[in-house]
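Given the structure is predicted, the values throughout are model-derived calculations rather than measurements. Any value given below was found using the heavy atoms of this structure, including those in side chains, with hydrogens, waters and symmetry copies removed. Numbers restart at 1 for each chain; the letters A, B, ... are given by sequence-line order, proteins then strands.
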There are 2 protein chains.
Amino acid sequence: MQKETLCLGLLSLGPRSGYEIKQMFEGPLSDFYSLSFGTIYPTLNNLQADKYVSCKQHSQSKKPDKKVYTITKKGMELMKDNLLSDASSYIRSGNFGDQIKSEFFLLLLFSKYLPKETMNTVLNERVLYLRQKLEQFKYDGPVPGNLDAMRNEKSVSFIRGLASALIETGLNYMEKNRGKLN
Amino acid sequence: MQKETLCLGLLSLGPRSGYEIKQMFEGPLSDFYSLSFGTIYPTLNNLQADKYVSCKQHSQSKKPDKKVYTITKKGMELMKDNLLSDASSYIRSGNFGDQIKSEFFLLLLFSKYLPKETMNTVLNERVLYLRQKLEQFKYDGPVPGNLDAMRNEKSVSFIRGLASALIETGLNYMEKNRGKLN
DNA sequence: ATTATATATATCATTCTGATATATATACGC
DNA sequence: GCGTATATATATCAGAATGATATATATAAT
């Protein structure tokens, strides 16, 4: 997905600064996508230059100005147009498409070159990590303001449910079949 | 995973050319990782310069020479050292780590900006695509020579089983819950 | 006969990340 | 009270990787 479309999409949930957009990528979204500051800030500047977003600077005493961006009508149109024209190309991507980069699976692929005790530790920690991830996805308590807008989206509930189901399946499989790696 | 470690790992399965390494990334591995020609060829040249691989040129009438690389003892050592020292950093990556880039999930996130009929078509095609993927992962018939070495690895059976289980879970979830997106 | 696909290596502009720079505020332990 | 760590906030850039393109031929399909 183009970085412009993605930033506009997140701004469609409400006005935000570049820093806050980055924070959204560090929340639940982090498991599916991320953009770096080096991408977010230039993208917002370009979107502003082309009037897809407007910007209000909130001067803060001796911190850098907080630049809060708001999506414009023109920006909403661009976002919708881009989503529509690229929708079909996302069908084959991610979560069993062409974009998963699983270093963990690569490690498994070459696991025979590692000492058994190392692989045992790695698999144990992987299980712990996945359990922790699962808890995060199922967590329904309060979240910081920036992330709240996302939680209320129907699509986010759908994605969280799917992610939870996938992690549970992965955990069960790992626990039942890890013996087969030796 | 460093490109050097990865190329060495694939060469540990048997001597191969850069073109054939790329082919392995287009097989079942494509769902988990990939490297481009622009990465593979320079990496192989560097590995050769540092004696981690040796190279035999097979001249072919009027095609470019086929350069078949073989991993050296020094190369095997580097690969094992790298795997060992980086193993712990792969625990949190991929398949619910920080490296999944799912454009499909992003599309779902913004699905409310798309016409219902578009989303319907997209979800239908996604289901078809996943069914096709599932068949590919379960397929146990003959494969081209390059890929055969991988099929015989225990770890590959493990990964294929895990991938199949994950896709099945994803399919079931999508079919049961797609109504909740509207 | 033409088009598409496969073999085979190489290069490079564009893109993206991860790190770093800059500057301040606040919370925490001791 | 003092140092340390973390959080806020934007910006830039070296280095790395991709995707596209160039080059050249063989073969299969239409």
Are any side-chain N or O atoms of [X] and backbone N or O atoms of [Y], one a donor and one an acceptor, separated by less than 3.5 Å?
{"X": "A:Lys22", "Y": "A:Leu35", "value": "yes"}
{"X": "A:Thr72", "Y": "A:Tyr52", "value": "yes"}
{"X": "A:Lys180", "Y": "B:Lys154", "value": "no"}

5' to 3', nucleotides 11-17 of chain D under a 4.0 Å protein heavy-atom cut-off (B base, S sugar-phosphate only, - none) gives BBB---S
What is the distance, to the nearest angstrom, from the [atom1] atom on [X] to the [atom2] atom on [N]?
{"X": "A:Gln23", "N": "D:dA7", "atom1": "CD", "atom2": "P", "answer": "10 Å"}
{"X": "A:Glu20", "N": "D:dA7", "atom1": "CD", "atom2": "P", "answer": "15 Å"}
{"X": "B:Leu44", "N": "C:dT11", "atom1": "CG", "atom2": "P", "answer": "13 Å"}
{"X": "B:Lys56", "N": "C:dT9", "atom1": "NZ", "atom2": "C1'", "answer": "20 Å"}
{"X": "B:Phe25", "N": "D:dG19", "atom1": "CZ", "atom2": "P", "answer": "13 Å"}
{"X": "A:Lys22", "N": "D:dT8", "atom1": "NZ", "atom2": "P", "answer": "13 Å"}
{"X": "A:Ile21", "N": "D:dA9", "atom1": "CD1", "atom2": "P", "answer": "13 Å"}
{"X": "A:Tyr19", "N": "C:dA23", "atom1": "OH", "atom2": "P", "answer": "18 Å"}

request  = Look at the aromatic rings of B:Phe32 and B:Phe137 and report parallel, tilted or perpendicular, splitting at 30° and 60°.
outcome  = tilted
Partners meeting side chain to side chain donor-acceptor pair (under 3.5 Å) with A:Gln132 (sequence neighbours left out)
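Listed in chain order: nothing, the list is empty.
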**Report entry** Geometric cation-pi criterion A:Lys66 and A:Tyr19, 6.0 Å radius, 45° cone
**Finding:** no
**Study point:** Terminal axes of the helix from C:dA1-D:dT30 to C:dC30-D:dG1 (five pairs each): angle between them, nearest 10 degrees
**Key:**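 Taking the rotation axis at each end, their angle is 50°.
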For A:Met150 and A:Leu13, the nearest pair of non-hydrogen atoms, with its separation, is CG-CD1, 3.6 Å
- [ ] Locate the shortest heavy-atom distance separating A:Leu114 from A:Met119; write the atom from each residue and the value.
- [x]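 Heavy-atom minimum between the residues: CD1-SD, 3.7 Å.
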| task | For A:Gln2 and A:Asp86, run side-chain hydrogen bond (donor to acceptor under 3.5 Å, both in side chains): C-alpha distance rounded to whole Å, both residues' side-chain angles, the deciding distance at 0.1 Å, then the answer. | result | CA-CA 9 Å; A:Gln2 293 163 70; A:Asp86 298 339; 3.0 Å; yes
